[in-house]
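Working notes, structure below.
Chain naming here is simple, since letters A, B, ... match the order of the sequence lines and numbering starts at 1 in each.
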Amino acid sequence: MKYYVTTAIDYPNAAPHIGHSYEKIAADTIARYHRLRGDDTFFCMGVDENSQHVPRAADANRAGVIEWVDRMAAAFQGTWAALDVRPDRFIRTAIDTDHARASQELFRRAQAGGDIYKGTYTGYYCHNCNTFYEQGDLTDGKACPNHPTIAPEYLEEENYFFALSRYTDRLIDLLDANPDFIMPRVWGAEIRALLQRGLRDFSVSRPVKSARVVDGKPWGIPVPGDPEHVLYVWFDALTNYATAAGLPDDANRFADWWPADAHVVGKDITRFHCVYWPAMLMAAGLEVPRQVAVHGFMTLEGQRISKTTGNIIDPVELVDEWGADAVRYYLLRDVAFDRDGDFVRANLAQRYVSDLANDLGNLLNRAVSMIGRYRDGVVPTATAPEAPTDAELRTVAEAAVAGTTDCLEAWDFDGALDASWSLVRRANQYVDENQPWKLARDPDADGRLSVVLGTVAEALRLLSTLLAPVMPTACAKMRDQLGLPMAAGGDWLDLTWGRFPPGTKVGAPVPVFPRKDLTDPAR
RNA sequence: GGGCCCAUAGCUCAGCGGUGAGAGCGACUCCCUCAUAAGGAGCAGGUCGCAGGUUCAAAUCCUGCUGGGCCUACCA
């Protein structure tokens with residue numbers, strides 16, 4: 001099986017903040033999950049550089065346009081790397097020449113199919129906002145919504161249009177035939193309502209004369225066969241998903257990887273991914289993506305994240321303080337995918353201490369310590385019959401595997417982690433119930449001690465795979481201490497109880513999530 | 001204006017017609033000592049937003065109200 005997943009590409013107007021991070025972490029987690037399942041997995045991210053806003057951002061920062069996009073691309077990629085988000089391809093829409101070819105190819109195909117035509121775009125342009133508005137957007141029909149004293153200029157532009165209106169029925173059919181096309185389903189209802197109101201064509205180019213000139217060329221991707229126009233957002237941005245799959249240069253690769261299995265996007269761009277993009281692909285005679293996964297937005301300490309109010313957090317700073325695994329865990333555990341969530345630093349600290357250090361980290365630590373102390377570091381293989389308490393832990397483990405899997409398939413990350421944690425908690429209870437430290441003092445309990453320690457180790461083995469999509473580095477450390485190789489492709493399909501390799505030797509017990517002294521004045 | 005979602009223990013949420021309303025976290029009490037001053041057990045008596053209605057029976061269905069959020073198309 002192949003699995004191709006993408007995130008939205010971000011505007012490189014400013015460095016990324018935690019608001020951008022949730023989506024990337026979620027997509028990366030899904031990509032890692034599919035790799036563990038043994039799927040041939042491809043994960044694409046990128047930046048959306050072609051917008052005319054980007055040269056303006058460069059100006060505002062007194063940078064050359066190319067210098068600016070280079071710097072921003074490095075900042076984005078650096079942030080994702082710090083969060084252990086590892087795309088296979090990072091598209092830069094203004095720099096990558098294969099992307100320009102893909103965008104033009106998609107346009108040509110749609111044009112050849114008769115769905116591109118020249119028309120006149122009319123709108124009201126506010127020179128202060130550098131933005132077009134429609135009449136209905138204007139205050140009292142004449143003033144700019146952001147500048148009440150300014151009347152935007154009425155403009156007409158000759159643009160290319162895409163005949164979206166022809167696709168209404170086919171899009172409704174698409175939703176009917178694929179109830180999971182839009183996840184979660186509440187968004188499917190929104191889109192359906194939109195479709196039933198009927199669709200309007202949209203413009204897909206802008207005149208070259210209004211484009212910023214960079215290095216002697218207009219900023220943007222030229223419209224094929226018409227140097228007077230550059231492509232406008234839809235064909236120069238959404239197309240990145242097809243570029244990464246090989247369009248148009250590598251037909252074999254494209255045949256293998258297209259369509260995308262999932263586009264992960266924020267709720268603000270649902271419409272573009274669930275309506276515009278599938279219609280564009282239909283027009284070009286290409287398959288539509290299998291699924292669009294829509295996540296909510298994040299607030300920061302109860303407030304909207306906004307550059308202007310300054311309440312932004314640099315994810316790299318968080319990673320420096322807590323580690324990528326903890327940040328990933330916190331976001332996916334505390335922010336439900338399908339709703340808006342609130343990032344609260346105190347809650348991150350709480351999750352770190354309670355869930356990661358005390359529950360999971362300490363479980364590993366006490367298990368590895370006891371195996372080292374009582375069994376010379378060799379993980380015992382159970383030979384004695386299974387006692388009721390052993391069977392109960394096994395049952396919980398099997399339920400945790402099933403629950404974690406089901407939830408990940410449904411983009412329910414907090415549910416997945418909750419399911420895994422049911423095993424963490426049960427394993428800690430199991431240790432207390434069986435008191436291996438007492439068994440170790442009882443010469444007659446030697447066999448029983450082996451069973452208990454082997455059972456705990458087995459629970460940890462499963463956890464080190466179950467949690468690996470969310471916390472790759474921590475799980476690698478867990479497995480190292482357990483004497484196991486790093487989780488590898490296909491391991492997810494092998495999450496069967498009782499397969500701890502015989503004779504495995506554990507490593508030294510080192511806290512994976514070191515406790516932090518939160519009252520340390522040095523902090 | 002039209003459409004949609006949410007409001008359950010201090011906090012985050014599950015339950016979505018039927019035994020006495022649940023989980024995790026926090027607080028408190030107790031137990032243990034293998035472990036990262038970690039772990040386990042007990043304990044919370046919450047008008048299930050408000051007001052009506054349907055039903056043998058409602059947090060769970062219907063109506064209205066209040067509060068919060070979202071969609072209603074070319075900034076992405």
Side-chain angles (χ1 to χ4, degrees), chain A residues 8-11 13 48 50-54 121 123 129-134 136-137 146 159 161-162 164-165 184 186-187 189-206 232-234 236-238 265-273 275-276 296-297 299 333-336 338-342 344 346-347 350-351 353-374 414-415 417-418 421-422 424-425 427-441 449 452-453 456 509-517:
Chain A
I9 53 177
D10 298 302
Y11 256 157
N13 283 349
D48 179 9
N50 285 319
S51 161
Q52 298 299 320
H53 292 289
V54 171
Y121 174 81
C129 306
N130 290 311
T131 303
F132 277 92
Y133 294 102
E134 301 216 32
D137 298 330
N146 296 321
N159 287 162
F161 278 74
F162 175 73
L164 180 67
S165 55
V186 285
W187 284 101
E190 295 281 355
I191 295 300
R192 193 176 289 275
L194 175 78
L195 292 172
Q196 274 152 5
R197 263 177 266 130
L199 297 171
R200 201 197 303 171
D201 298 349
F202 58 86
S203 63
V204 295
S205 72
R206 287 287 126 102
Y232 178 62
V233 64
W234 318 114
D236 77 27
L238 291 168
V265 301
K267 64 182 185 181
D268 53 334
I269 54 176
T270 307
R271 191 173 59 237
F272 310 123
H273 285 79
V275 177
Y276 291 24
F297 281 164
T299 51
R333 180 67 186 82
D334 260 19
V335 177
D338 58 353
R339 330 180 175 184
D340 290 354
D342 191 27
V344 180
N347 292 355
Q350 181 60 51
R351 286 291 184 187
V353 173
S354 171
D355 294 3
L356 298 180
N358 294 355
D359 285 355
L360 178 63
N362 189 57
L363 173 65
L364 175 77
N365 199 245
R366 66 199 304 208
V368 172
S369 293
M370 286 190 283
I371 291 167
R373 177 178 301 206
Y374 305 139
D414 57 314
L417 288 166
D418 198 43
W421 241 258
S422 66
V424 175
R425 288 192 212 98
N428 272 320
Q429 291 169 346
Y430 176 87
V431 172
D432 273 49
E433 275 173 16
N434 289 283
Q435 307 181 94
W437 51 91
K438 284 191 179 164
L439 297 175
R441 295 183 213 120
L449 177 59
V452 170
L453 294 179
V456 175
V510 180
V512 173
F513 298 102
R515 189 180 175 80
K516 294 178 188 294
D517 184 357

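Across the protein-nucleic acid pair, A/L356 atom CG and B/G24 atom C1' stand 14 Å apart, rounded to whole Å. If you measure from atom CD of A/E190 to atom P of B/G69, you get 16 Å, rounded to the nearest angstrom. Rounded to whole Å, atom P of B/C70 lies 17 Å from atom CD1 of A/I191. Atoms CG (A/L194) and C1' (B/C74) sit 12 Å apart, rounded to a whole Å. Per the geometry, CD belonging to A/Q196 stands 18 Å off P belonging to B/G2, to the nearest Å. Note: CG (A/D268) to C1' (B/G69) measures 15 Å, nearest angstrom. Regarding A/F513, its CZ atom lies at a distance of 16 Å from the C1' atom of B/A35, rounded to whole Å. If you take OH of A/Y430 and P of B/C34, they are 18 Å apart, rounded to a whole angstrom.
Counting atom types as modelled, A/S203 pairs a side-chain N or O with a base atom of B/C74 as donor and acceptor under 3.5 Å.
Both geometric conditions, a ring-centre gap below 5.5 Å and a plane tilt below 30°, are not fulfilled together for A/F202 over the base of B/C74.
Nearest heavy-atom pair across A/L199 and A/S165 is O-CB, 3.3 Å. Residues A/R333 and A/D414 come closest through the heavy atom pair O-CB, 3.2 Å. Closest approach of A/N159 to A/F161, counting heavy atoms only: O-CD1, 3.5 Å. Closest non-hydrogen pair, A/V452 versus A/P436, comes out as CG1-CG, 4.2 Å. Shortest non-hydrogen contact noted between A/F162 and A/D201 is O-CB, 3.1 Å. Taking both residues in full, the closest heavy atoms of A/N13 and A/H53 are given as OD1-O, 4.0 Å, listed atom of the first, atom of the second, then distance.
Rounded to the nearest 0.5 angstrom, A/Y276 OH and A/L164 CG are separated by 6.5 Å. Here the CD-CZ distance, from A/Q435 to A/R441, works out to 9.0 Å after rounding to the nearest 0.5 Å. Residue A/L453 holds its CG atom at 12.0 Å from CZ of A/R373, rounded to the nearest 0.5 Å.
Looking at heavy-atom distances under 4.0 Å, A/Y374 makes contact with sugar-phosphate atoms alone, never a base. Within the 4.0 angstrom heavy-atom criterion, no nucleotide atom of any strand lies near A/P436. A/W187 comes within 4.0 angstrom of the backbone, heavy atoms only, and of no base. The residue A/G198 sits close to a base: some heavy atom pair falls under 4.0 Å. A/V512 comes within 4.0 angstrom of a base, heavy atoms only. Contact annotation for A/F162: no contact, since no heavy-atom pair falls under 4.0 Å across all strands. Contacts of A/R333 with the nucleic acid, taken as non-hydrogen atoms under 4.0 Å apart, are absent.
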* Under the side chain to side chain contact (heavy atoms under 4.5 Å, CB included) criterion, do A/D338 and A/W187 qualify, and how do the steps go? -> CA-CA 9 Å; A/D338 58 353; A/W187 284 101; over 6 Å; no
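Residues passing the side-chain contact (heavy atoms from CB on, under 4.5 Å) test with A/Q429 are A/R426, sequence neighbours excluded. Residues passing the side chain to side chain donor-acceptor pair (under 3.5 Å) test with A/Y11, sequence neighbours excluded: A/S51.
For the C1' atom pair drawn from B/C61 and B/A27, the interatomic distance equals 38 Å after rounding to whole Å. With C1' as the reference atom, B/G42 and B/C32 are 15 Å apart, rounded to whole Å. Comparing the same atom, P, in B/A7 and in B/C48 gives a spacing of 14 Å after rounding to whole Å. Taking atom P in both B/U60 and B/C50, the straight-line distance is 11 Å, to the nearest Å. Distance check on atom P: B/C6 versus B/A41 gives 33 Å, rounded to whole Å. Of the C1' atoms belonging to B/A58 and B/A37, the separation is 48 Å, rounded to the nearest Å. If you take atom C1' in B/C56 and the same atom in B/C43, they sit 36 Å apart, rounded to whole Å. Nucleotides B/G18 and B/C62 place their P atoms 15 Å apart, quoted to the nearest Å.
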Show each protein N/O and nucleotides 11-15 of chain B N/O combination with a separation under 3.5 Å, one pair to a line.
residue : atom : partner : partner atom : Å
B/A14   : OP1  : A/R339  : NH2          : 2.3
B/A14   : OP2  : A/R339  : NH2          : 3.4

Hey, what are the protein-to-nucleotides 38-40 of chain B N/O distances that come in under 3.5 Å?
residue : atom : partner : partner atom : Å
B/A38   : OP1  : A/R515  : NE           : 2.9
B/A38   : OP1  : A/R515  : NH1          : 2.9
B/A38   : OP1  : A/R515  : NH2          : 2.5
B/A38   : O5'  : A/R515  : NH1          : 3.3
B/A38   : O2'  : A/N358  : O            : 3.3
B/A38   : O2'  : A/N362  : OD1          : 3.4
B/A38   : O2'  : A/N362  : ND2          : 2.7
B/G39   : O2'  : A/R366  : NH1          : 3.0
B/G39   : O2'  : A/D432  : OD1          : 2.9
B/G39   : N2   : A/D432  : OD2          : 3.2
B/G39   : N3   : A/D432  : OD2          : 3.1
B/G40   : O4'  : A/D432  : OD2          : 2.9

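Taking only side-chain nitrogens and oxygens, A/R197 never comes nearer than 4.0 Å to OP1 or OP2 of B/G2.
Stems are defined here as 3 or more consecutive Watson-Crick or G-U wobble pairs with pairing distances under 3.5 Å; those involving RNA chain B are B:1-7 with B:66-72, B:10-13 with B:22-25, B:28-31 with B:39-42, B:49-53 with B:61-65.
Out of B/U33, B/A76, B/C74, the shortest distance to the side chain of A/R441 is found at B/U33. Across B/C34, B/A76, B/C32, the shortest atom-to-atom separation from the side chain of A/K438 is found for B/C32. Distance from the side chain of A/Y276 is smallest to B/A73 among B/A73, B/A35, B/C4. Taking only side-chain atoms of A/L199, from C-beta outward, the nucleotide of B/A73, B/C70, B/C34 with the closest atom is B/A73. When distances are taken from the side chain of A/Y232 to each of B/A35, B/U33, B/C75, the shortest belongs to B/C75.
In this structure a side-chain-to-backbone donor-acceptor pair under 3.5 Å is missing from A/D48 to A/D10.
Under the 30°/60° scheme for interplanar angles, the aromatic rings of A/F202 and A/W234 are found to stand perpendicular.
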Identify each donor-acceptor pair in which a side-chain atom of residues 355-370 of chain A lies under 3.5 Å from a protein atom, sequence neighbours left out, and give them as a table.
residue : atom : partner : partner atom : Å
A/D355  : OD2  : A/Y329  : OH           : 2.6
A/D355  : OD2  : A/R351  : NH1          : 2.8
A/N358  : ND2  : A/V353  : O            : 3.4
A/R366  : NH1  : A/N428  : OD1          : 2.9
A/R366  : NH2  : A/D432  : OD1          : 2.9
A/S369  : OG   : A/N365  : O            : 2.8

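Heavy-atom nearest nucleotides on RNA chain B were determined for A/K267 and for A/P514, and the one closer to the 5' end corresponds to A/P514.
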